[in-house]
Amino acid sequence: MRIATFNAASIRARLPRLIDWLGENEPDVLAIQETKVEDDKFPREEIEELGYEIAIHGQKSWNGVALLSRRPITDVRHGFGDELMPNDARIIAGTIDGLHVINTYVPNGSAVGSDKFEYKLRWLDRFKTYLEQNYRPDEPLIWLGDINIAPTSDDVYDSKRFYGGVGHHPEEMERLSRILEFGLTDLFRVHTQGPGHYTFWDFTLPRGVDRNLGWRIDHIYATESVAKLCTECVVDKAARKGEKPSDHTFVIATLDL
DNA sequence: ATGGTTGAATGTCAA
């Protein structure tokens with residue numbers, strides 16, 4: 001099984017490129033974030049024609065997540081399942097061939113000290129509880145998506161400059177590491193060490209992709225039973241280039257499953 | 001140098 005994650009920065013703006021990528025790569029599962037569309041306006045048919053089943057959790061203008069799968073998706077869950085944070089579409093989860101898949105768009109946080117940053121920290125705390133309430137570490141489980149945290153100095157192009165800022169703040173790193181105590185392994189780091197491997201490059205930096213001024217903030221985590229079956233985990237940097245790309249690109253994990 | 005780009009929506013916010 002190959003399972004991938006992609007922040008589309010609008011599913012409608014990215015649809016032609018997404019269709020091409022799906023045709024060329026044929027992943028079994030794709031988790032999409034920032035679809036930025038209400039459910040009744042989601043381009044369902046174009047994707048279903050490629051043989052994918054779709055589960056979506058969207059809203060107007062912002063956020064929005066989707067799961068695409070060539071195999072049936074069962075036990076679909078939207079959001080945290082309570083009314084604590086009801087107004088943003090950031091989580092969709094389902095079960096595919098016995099594998100629990102949780103796709104999240106973690107809040108960006110805007111700026112350290114802002115209300116949005118406090119919300120990001122609370123959201124990460126709530127997500128830890130969500131995991132514990134709904135899943136067990138001895139189950140096959142993947143958590144993937146736009147995590148919006150570069151967790152180590154190797155995960156951003158200028159760690160000294162950005163350390164303490166949003167996306168590379170010790171409070172974010174601490175909360176992420178507490179989530180991972182559930183029993184989750186960062187699949188990309190199982191196979192590849194060192195700096196320079198990124199998944200997001202800011203639109204506003206001139207030639208930022210060529211200069212590799214990026215961040216590794218899109219992650220694929222797995223419980224032990226799945227992590228030991230992971231034979232490869234790669235970033236498709238080429239998909240960040242060309243006409244009308246997203247500012248993120250795809251991360252793909254191959255599982256011997 | 002405190003900019004720059006993109007998308008949703010048509011103001012301006014969010015990233």
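Numbers restart at 1 for each chain; the letters A, B, ... are given by sequence-line order, proteins then strands.
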inquiry  = Quick check on side-chain contact (heavy atoms from CB on, under 4.5 Å): which of A:Val29, A:Ile32, A:Ile56 does A:Leu68 satisfy it with?
reply    = A:Ile32
Using the [atom1] atom as the point on both nucleotides, what is the distance between [M] and [N], in whole Å?
N: B:dA14; M: B:dA9; atom1: P; result: 14 Å
N: B:dC13; M: B:dG3; atom1: P; result: 15 Å
N: B:dG4; M: B:dA15; atom1: C1'; result: 13 Å

query = In a check of side chain to side chain donor-acceptor pair (under 3.5 Å) between A:Trp143 and each of A:Asn103, A:Thr5, A:Thr104, A:Thr223, which one passes?
reply = A:Thr104
query = With a 4.0 Å cut-off, would you call A:Arg44 and A:Asp39 a salt bridge?
reply = no
query = Are A:Arg178 and A:Glu181 close enough for a salt bridge, meaning some N to O gap below 4.0 Å?
reply = no
message = Tell me if the CG atom of A:Asp115 is crowded by more than 12 foreign heavy atoms within 6.0 Å.
response = no
inquiry  = Rounded to whole Å, please give me the gap between CG in A:Leu213 and C1' in B:dG3.
reply    = 15 Å
request  = To the nearest Å, give me how far apart CZ (A:Phe162) and C1' (B:dA15) are.
outcome  = 14 Å
query = Between CD1 of A:Ile11 and CZ of A:Phe42, what distance do you get to the nearest 0.5 Å?
reply = 4.0 Å
ask   = Can you give one letter per nucleotide of nucleotides 5-12 of chain B, 5' to 3': B if a protein heavy atom sits under 4.0 Å from the base, S if only from the sugar-phosphate, - if neither?
value = BSSSS---
